[in-house]
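Scroll down for the structure; my scribbles are underneath it.
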Amino acid sequence: MPQEKLKQVTSPRGTTTPEGGELGQVKVIYGVHALEASLAGRTVLSVREALAQPLNISPRAIALVNGQEVEGTHILGPGELLEFVRYAGEKGTEGMQTSKPMSDREGMEKRLGVLGDGLPDLTIAGRAYDLYALLEVLGLAFEDIRPIDAHVLGENLFAIRYFDSEDRSIVAYEFDADFRRVAETIVHIEEWMGDAYYDFNWGAWCPWTL
């Protein structure tokens with residue numbers, strides 16, 4: 001995907017200490033919401049419980065600290081990044097099989113090519129669908145979803161790739177000619193953005209003071 005197309009999309013910086021770590025600051029991210037507060041010394045579980053309502057954190061979200069999944073008993077250190085990430089499939093049907101976020105940009109691009117190099121529309125059963133129409137018929141037309149490209153993978157197999165700005169991930173959603181979900185691959189946007197993830201202004205929002 002051309003560099004200019006990634007200006008609105010990125011991922012965690014690993015163990016690099018954000019500015020303000022010496023003051024016990026911890027950065028917390030969930031979807032499009034982010035905040036920094038003096039949380040060093042508190043457990044992940046206590047922060048989750050405190051921010052569950054203000055940040056609308058899904059009970060299915062897993063906790064990542066500096067990009068690594070942790071338990072609720074993990075004690076946060078100064079300068080760490082705490083990010084809550086939902087399992088795939090939370091939007092839409094409850095009965096859908098879910099999978100955890102992946103870190104496999106290379107695998108996705110090997111199967112579907114570079115981001116943006118796919119098709120702008122698909123013709124299925126004699127009817128043409130642009131990317132937004134595909135999202136509609138697949139039940140994926142959420143405000144935080146931005147389509148990227150579409151693909152024909154076989155005689156009865158198709159895919160659409162999109163950016164989920166709430167989960168900050170690139171999703172490859174595969175489906176058949178009846179628009180039934182076949183598979184779903186999720187790769188965090190950090191795989192494309194690298195350290196720029198920290199520099200991008202995702203927006204800081206929290207109506208509640210810790």
Approximate separation, where rounding is to 0.5 Å, of [X] [atom1] and [Y] [atom2]:
X      : Y      : atom1 : atom2 : answer
Phe179 : Tyr129 : CZ    : OH    : 4.0 Å
Ile170 : Arg146 : CD1   : CZ    : 12.5 Å
Leu64  : Gln68  : CG    : CD    : 8.0 Å

Derivation and outcome, side-chain contact (heavy atoms from CB on, under 4.5 Å), residues Glu191 and Glu109: CA-CA 11 Å; Glu191 292 291 307; Glu109 293 191 341; over 6 Å; no

Less than 3.5 Å apart, which donor and acceptor atoms pair up between the side chains of residues 148-159 and the rest of the protein, not counting sequence neighbours?
residue	atom	partner	partner atom	Å
Asp149	OD1	His151	NE2	3.1
Asp149	OD1	Arg161	NE	3.0
Asp149	OD2	Gly116	N	3.0
Asp149	OD2	Gly118	N	3.2
Asp149	OD2	Arg161	NH2	2.8
Asn156	OD1	Ala177	N	3.0

Check against side-chain contact (heavy atoms from CB on, under 4.5 Å), Phe163 and Ile145: CA-CA 6 Å; Phe163 174 57; Ile145 299 299; over 6 Å; no

Any side-chain to backbone donor/acceptor pair from [X] onto [Y]? Under 3.5 Å, distance only.
X      : Y      : answer
Thr43  : Ser46  : yes
Arg48  : Ala61  : yes
Ser38  : Gly24  : no
Asp164 : Arg168 : no
Glu80  : Gly77  : yes

Same cluster (ILVMFWY, side-chain, under 4.5 Å), Leu45 and Leu35: no

With a 4.5 Å cut-off on side-chain heavy atoms, are [Y] and [X] touching?
X      : Y      : result
Tyr30  : Glu166 : yes
Glu83  : His188 : yes
Leu138 : Ile160 : yes
Val187 : Val171 : no
Val44  : Thr73  : no
Ile186 : Asp167 : no

CA sep, side-chain torsions, deciding dist, call: Ile124, Phe175, side-chain contact (heavy atoms from CB on, under 4.5 Å): CA-CA 11 Å; Ile124 301 174; Phe175 57 96; 3.7 Å; yes

Could you report the tightest heavy-atom contact between [X] and [Y], atom names first, then the distance?
X      : Y      : result
Ala40  : Pro78  : CB-N, 3.7 Å
Ala63  : Leu82  : CB-CD1, 4.2 Å
Glu184 : Tyr162 : OE2-OH, 3.7 Å
Leu135 : Pro147 : CD1-CD, 3.7 Å
Met108 : Thr185 : CE-O, 3.8 Å

Basic-acidic side-chain contact under 4.0 Å: Lys110, Glu106: no

Heavy-atom neighbours of Ile75 CD1 exceed 12 at 6.0 Å: no

Worked verdict on Asp121 versus Leu131 for side-chain contact (heavy atoms from CB on, under 4.5 Å): CA-CA 6 Å; Asp121 52 54; Leu131 298 179; over 6 Å; no

